[in-house]
Novice: 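Sharing a structure here in structure tokens format.
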2 protein chains.
Amino acid sequence: MAPTYREIANHFRFKSTKAAADHVLALEKKGYLRRHTGRSRGIELTASVKRTGQETITVPIIGDIPAGTPEQKIEFQSGTISVDSTILDGIGHHRLFALKVKGDSMIGRGIYDGDWVIADADATPNENDVVVALIDGENTLKALALKENNFYLRVENPDYNDWVPVNELIIQGTAKALIRRI
Amino acid sequence: MAPTYREIANHFRFKSTKAAADHVLALEKKGYLRRHTGRSRGIELTASVKRTGQETITVPIIGDIPAGTPEQKIEFQSGTISVDSTILDGIGHHRLFALKVKGDSMIGRGIYDGDWVIADADATPNENDVVVALIDGENTLKALALKENNFYLRVENPDYNDWVPVNELIIQGTAKALIRRI
DNA sequence: CACTGTACTACACAAATGTATAGTGAGAAT
DNA sequence: ATTCTCACTATACATTTGTGTAGTACAGTG
């Protein structure tokens, strides 16, 4: 929670909120922070000031997600992976899960065999997003594509064919980050 | 910044702030968040939701490494990045540094513009490794290649030319991990 | 069927908060 | 000596925001 001008004034024993406001204004002019004018507690530290590396988020690694939403199948968890919260900026509080990429069907998007993908179960998947999907009972990582009002899974590798669902297509998460050991 | 009840109501298209307030109250009762009563934007996620991690390694982010070994130029540090120690398995005690990839000269190796690369200053660079190098005074990320007993930097993108050193080629680190926000 | 709880709407109001105007005193600059 | 800027105080006021009361629509229950 960012402080209010009264909280700042109180902390520094200023007897006027204007003193605090002036300081914040000066810091904004110098580029150390950003103000959301009008909004309460609308002070945000600039990325350069934000002390990264402090807070990390631990994401469960899931081997296979046979059905349902990932968090229902947490028993398939095979470990955890921790990353800086700034990497997952904005989605740190979402239900996240990690999985290891198998195969090279997504090399067109720079996702290779053996990479780790962190997916967000709470994000709304959009067309062209890389998604973790359950298609006709099989689990896979593909790009979500739309053709004639029907969603299908696009393979980002000319060597393979796209996956068009016969029965059902369930999006279990949207890829948000990628980690690779080189 | 935590949202206000009006922002929550607006987001979910509630026409009353009370609906939002009721939901927040319910979530508090269930233990998912804590309220600082009276304070504006006084909603905080519970620690159990935040899930801070176990063993992580914090790596300094270096903007530019003009010369010398990276750790000598730590003043160019622009932040830190933390990752699970298992990702950097075996090299956690090495001198590591992170940098943001500029340009698309390494797309052939699945390294894209904007990616984060974690490099190891202590690893012995081998042929074909992706390295952070200082070539004729310029800093770059390329593949280390050998031709007729002379090292040069190979670009993994057919649109660009390889970099052959005129004067000097200093390897500052070997790429060991890659992090991408999708 | 009436009853109950859920999930809201509509409205109100006090408190919290951002922001502005005017003024003061110390010290530096001219 | 006068002016000017800096760093604040004092005060005011319009918004923003948290919170409460009352009421509606509706699904489910006995």
Side-chain angles (χ1 to χ4, degrees), chain A residues 1-52 54-55 57 67-74 85-86 88-96 120-126 168 170-174, chain B residues 1-52 79:
Chain A
M1 270 167 79
T4 65
Y5 289 131
R6 273 159 192 84
E7 284 170 359
I8 295 170
N10 218 50
H11 180 263
F12 290 107
R13 316 219 171 160
F14 298 155
K15 288 178 184 162
S16 166
T17 57
K18 190 62 167 57
D22 284 350
H23 275 288
V24 168
L25 233 53
L27 287 168
E28 189 192 27
K29 202 184 283 180
K30 288 173 186 171
Y32 294 113
L33 47 86
R34 200 180 319 121
R35 274 180 337 117
H36 295 255
T37 38
R39 271 189 270 182
S40 77
R41 302 182 183 275
I43 302 171
E44 233 183 341
L45 291 181
T46 310
S48 62
V49 179
K50 233 190 249 173
R51 285 188 305 170
T52 57
Q54 302 292 94
E55 209 181 328
I57 292 168
T69 44
E71 88 283 359
Q72 291 170 341
K73 299 288 169 180
I74 219 85
S85 59
T86 55
L88 301 172
D89 197 33
I91 57 164
H93 58 286
H94 286 198
R95 290 171 304 161
L96 303 168
D120 183 347
D122 288 330
T124 309
N126 293 313
E168 56 169 14
I170 298 168
I171 307 301
Q172 293 166 317
T174 308
Chain B
M1 271 167 76
T4 65
Y5 289 132
R6 271 157 194 84
E7 284 169 359
I8 295 170
N10 218 51
H11 180 263
F12 290 106
R13 313 212 175 167
F14 297 156
K15 288 179 184 160
S16 167
T17 56
K18 191 58 167 55
D22 284 351
H23 275 288
V24 167
L25 234 54
L27 286 167
E28 190 192 27
K29 201 185 282 180
K30 289 173 186 170
Y32 293 114
L33 46 86
R34 200 181 318 122
R35 272 177 342 115
H36 296 254
T37 37
R39 270 190 269 182
S40 78
R41 299 179 183 277
I43 302 171
E44 233 183 341
L45 291 180
T46 310
S48 63
V49 180
K50 231 187 243 173
R51 289 201 302 189
T52 318

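The basis for the numbers below is simple: all heavy atoms, side chains too, and nothing from hydrogens, waters or symmetry mates. Keep in mind it's a predicted model, so treat the numbers as computed, not measured. So that the names make sense, note that chain A is the first sequence line, chain B the second, and so on, each numbered from 1.
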Novice: Can you give one letter per nucleotide of nucleotides 16-21 of chain C, 5' to 3': B if a protein heavy atom sits under 4.0 Å from the base, S if only from the sugar-phosphate, - if neither?
Specialist: SBBBBB
Novice: Give the minimum heavy-atom separation between T17(B) and A9(B), together with the two atoms involved.
Specialist: CA-CB, 4.2 Å
Novice: To the nearest angstrom, how far is M1(A) atom CE from dT17(D) atom P?
Specialist: 12 Å
Novice: Measure the distance from CG on D22(B) to C1' on dG5(C) and round it to the nearest whole Å.
Specialist: 13 Å
Novice: Would you say the side-chain atoms of D122(A) pair up with the backbone N or O of R95(A), donor to acceptor, closer than 3.5 Å?
Specialist: yes
Novice: How close or far is atom C1' of dA10(D) from atom NZ of K15(A), stated in whole angstroms?
Specialist: 11 Å
Novice: Give the rounded distance in Å between these two atoms: NZ of K29(B) and C1' of dG5(C).
Specialist: 12 Å
Novice: Roughly, in whole Å, what's the span from CD1 in I8(A) to P in dT9(D)?
Specialist: 14 Å
Novice: Please confirm whether the backbone N or O of L25(A) pairs with a side-chain atom of E28(A), one donor and one acceptor, at under 3.5 Å?
Specialist: no
Novice: Judged by atom type as modelled, is there a donor-acceptor pair below 3.5 Å linking the side chain of R34(B) to the main-chain atoms of E44(B)?
Specialist: no
Novice: Examine distances only and state if a side-chain atom of R41(B) and a backbone atom of M1(B) form a donor-acceptor pair shorter than 3.5 Å.
Specialist: no
Novice: Who are the side chain to side chain contact (heavy atoms under 4.5 Å, CB included) partners of I171(A), not counting sequence neighbours?
Specialist: P125(A), V131(A), A133(A), L144(A), L169(A)
